[in-house]
2 protein chains.
Amino acid sequence: MVESGARAPRADAQRNYERILDVARTVIEEQGTQASLRDVARRSGVGLGTLYRHFPSRDALLEALLRRRFDHLAERAEVLADSCPPWEALTRWLDEFVAGAGRYRGLPESIMATLRDDDSPLHAACLGMRRSGGALLQRAQLAGQVRADVTAVDLFALANAVGWIAEQDPALTGRREHLLALVLDGLGARPRQA
Amino acid sequence: MVESGARAPRADAQRNYERILDVARTVIEEQGTQASLRDVARRSGVGLGTLYRHFPSRDALLEALLRRRFDHLAERAEVLADSCPPWEALTRWLDEFVAGAGRYRGLPESIMATLRDDDSPLHAACLGMRRSGGALLQRAQLAGQVRADVTAVDLFALANAVGWIAEQDPALTGRREHLLALVLDGLGARPRQA
DNA sequence: ACCTGAACACCGTTCAAGT
DNA sequence: ACCTGAACACCGTTCAAGT
């Protein structure tokens, strides 16, 4: 019983891990993805080194907070592909993505940074999410509903751009869906429904 | 001759002002609008307090670098209105705006921050620039070439969103015009040219 | 009138010392 | 095995002291 493959973490370590994660969620909700890690450690009642031991980088913390959601969105694309017509599946998925990207201030920027950085612990999940959206895009393009000169990179970028701009001005936050709809409309093949 | 309204600045002060501005342009080209002001002072060979005396805030420095350009773009809108058909005037102006916003990394974000902050020395110039673009938008809408549910705030925001996303990924920087074209296409009234 | 740089209040990150 | 917090190298901003 002593050696069971991966050893169970010490009880205090586990408590710290969970406490830090809880506090981080709160602090990042308040201050955005660029929140002060010192503040997280302070409010967790934990030394700064302890935070870095459990989460060696800001992205590691973000991964713990967002990994599930990103993976969920990747799967969600497949569900939508099976249950909706091409254009509707695509726009619904993008609506959900952009709503999620609006959860924390700074998240669209973090997502783009993560895609740039092979070493980020969130890199693979982001790529996977983008690829899933890309499948919906391709499906809509094959159906002739989206212009052919749009790539998955373009599409994902534009969705993040909308998420970003919505957080730059209080007057725009409420118009996020409207802005996304405008952009998506531009991607539609010319004669779509009129 | 002693009092001629506004006194001429001391020669050393004027030299410092110009030196700081020159260096700031270089440093901001290198590091973006969030460049280290300490670094600017250091490389100007000037005390940190001297920088703050001449430019009491980061925006003051940005104003000195960008004011002309912003005012120029405002006037440019009138020229285009007089020399081009509505849709072409609008898209050309936006092309020029987005190209300018791509001059310094971080500029789209600074522009949006400036619009939010009444006290920024660039606030008025930004508002004026947006208003000028808005006039071109209205003209295109009156001509039935742009959908009616787009506001000047939406349009300016989307242009900045495209400028921002283009700097988030090297692969996108070269596709700035393409992304802008996609978005503008979405703003076009449905049956525009076939 | 203008310049200087120390001082203050913050960061992120690392790591020797403790338990 | 894990935790702690001082230490290091940076910020932006202010301001007393100098010339």
Side-chain angles (χ1 to χ4, degrees), chain A residues 2-24 27-28 30-64 105-106 109-110 113-114 117 119-121, chain B residues 2-24 27-28 30-64 105-106 109-110 113-114 117 119-121:
Chain A
V2 180
E3 49 248 80
S4 59
R7 217 76 87 271
R10 240 167 60 175
D12 58 343
Q14 173 140 11
R15 267 199 314 273
N16 280 337
Y17 178 91
E18 280 156 15
R19 178 109 183 89
I20 291 169
L21 206 52
D22 272 1
V23 170
V27 173
I28 287 179
E30 288 172 12
Q31 309 180 13
T33 59
Q34 294 309 312
S36 160
L37 298 183
R38 252 193 169 75
D39 207 24
V40 172
R42 236 173 347 231
R43 287 163 67 167
S44 301
V46 120
L48 199 40
T50 302
L51 186 149
Y52 274 92
R53 157 170 275 264
H54 289 294
F55 304 99
S57 68
R58 183 184 297 275
D59 274 10
L61 207 45
L62 281 180
E63 189 206 3
R105 193 154 34 90
E109 180 157 20
S110 297
T114 272
D117 176 15
D119 297 334
S120 164
Chain B
V2 180
E3 50 248 81
S4 60
R7 217 77 85 271
R10 240 167 57 174
D12 56 344
Q14 175 141 12
R15 267 198 314 273
N16 280 336
Y17 178 92
E18 280 156 15
R19 178 108 183 89
I20 291 168
L21 205 52
D22 272 0
V23 170
V27 174
I28 287 178
E30 289 172 11
Q31 310 180 12
T33 60
Q34 294 309 311
S36 160
L37 298 183
R38 252 192 168 76
D39 205 26
V40 173
R42 240 177 339 235
R43 288 163 66 166
S44 300
V46 122
L48 199 39
T50 302
L51 185 148
Y52 275 91
R53 159 170 272 264
H54 288 293
F55 304 99
S57 66
R58 183 183 297 275
D59 274 9
L61 206 45
L62 281 180
E63 190 206 2
R105 192 154 34 90
E109 179 157 20
S110 296
T114 273
D117 177 14
D119 297 333
S120 163

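Chain letters run A, B, ... following the sequence lines, proteins first, then strands; residues in each count from 1. No experiment lies behind these values; they were computed from the predicted model shown.
The side chain of Arg42(B) contributes an N or O atom lying less than 4.0 Å from OP1 or OP2 of dC11(D). Contact between the side-chain N/O atoms of Asn16(B) and the OP1/OP2 oxygens of dC3(C) is found at a separation under 4.0 Å. Remark: His54(A) is not in phosphate contact with dC2(D), judged by side-chain N or O atoms under 4.0 Å from OP1 or OP2. Put simply, Ser36(A) has a side-chain N or O that comes within less than 4.0 Å of OP1 or OP2 on dG12(C). When the side-chain nitrogen and oxygen atoms of Ser57(B) are compared with OP1 and OP2 of dT13(D), none of them lie within a distance under 4.0 Å.
Between Leu61(B) and Leu37(B), the closest heavy-atom pair is CD2-CD2, 3.9 Å. When all heavy atoms of Glu63(B) and Pro121(B) are compared, the closest pair comes out as OE1-CB, 3.5 Å.
Shown here, dC8(C) forms a base pair with dG12(D); the pair counts as Watson-Crick or G-U wobble because both key distances fall under 3.5 Å. In this structure, dA1(C) forms a base pair with dT19(D), meeting either the Watson-Crick or the G-U wobble geometry with both donor-acceptor distances under 3.5 Å.
In this structure, Arg58(B) contributes its side chain and Ala35(B) its backbone to a donor-acceptor pair below 3.5 Å. In this structure, the side chain of Arg42(A) does not engage the main chain of Leu48(A) through any donor-acceptor pair within 3.5 Å.
In the set dC2(C), dC3(D), dT14(D), dC2(C) carries the atom at the smallest distance from any side-chain atom of Ala13(B). In the set dT4(C), dG12(D), dC11(C), the nucleotide with an atom closest to the side chain of Arg38(A) is dC11(C). Residue Asp12(A) has its side chain nearest to dC2(D) when only dT13(D), dT4(C), dC2(D) are considered.
Separating the CZ atom of Phe55(B) from the P atom of dT13(D) is a distance of 14 Å, rounded to the nearest angstrom. Note: CZ (Arg53(A)) to P (dG18(C)) measures 17 Å, nearest angstrom. Distance OH (Tyr17(B)) to P (dC3(C)): 13 Å, rounded to an integer number of Å. Put simply, CD1 on Ile20(B) is 9 Å from P on dT4(C), counting in whole angstrom units. Here the P atom of nucleotide dA7(C) and the OH atom of Tyr52(B) are 18 Å apart, to the nearest Å. In this structure, Gln31(A) places its CD atom 12 Å from C1' of dC11(C), rounding to the nearest Å. Per the geometry, CG belonging to Asp39(B) stands 17 Å off P belonging to dA9(D), to the nearest Å. Rounded to an integer number of Å, the gap from CG of Leu37(A) to P of dC11(D) is 19 Å.
Nearest-nucleotide positions on DNA chain D for Arg10(A) and Arg58(B) put Arg10(A) closer to the 5' end. Remark on DNA chain C: of its neighbouring residues Gly45(B) and Gln34(A), the 5'-side contact belongs to Gly45(B), judged by nearest-heavy-atom nucleotide.
Side-chain atoms of Thr50(A) and Asn16(A) form no donor-acceptor pair, as typed in the model, at a separation below 3.5 Å.
Classification of Asp12(A) and Arg15(A) as a salt-bridged pair fails, no side-chain N sitting under 4.0 Å from a carboxylate O.
Residue Ala41(B) is classed as having no contact, given no heavy-atom separation below 4.0 Å to the nucleic acid. Looking at heavy-atom distances under 4.0 Å, Leu48(A) makes contact with a base.
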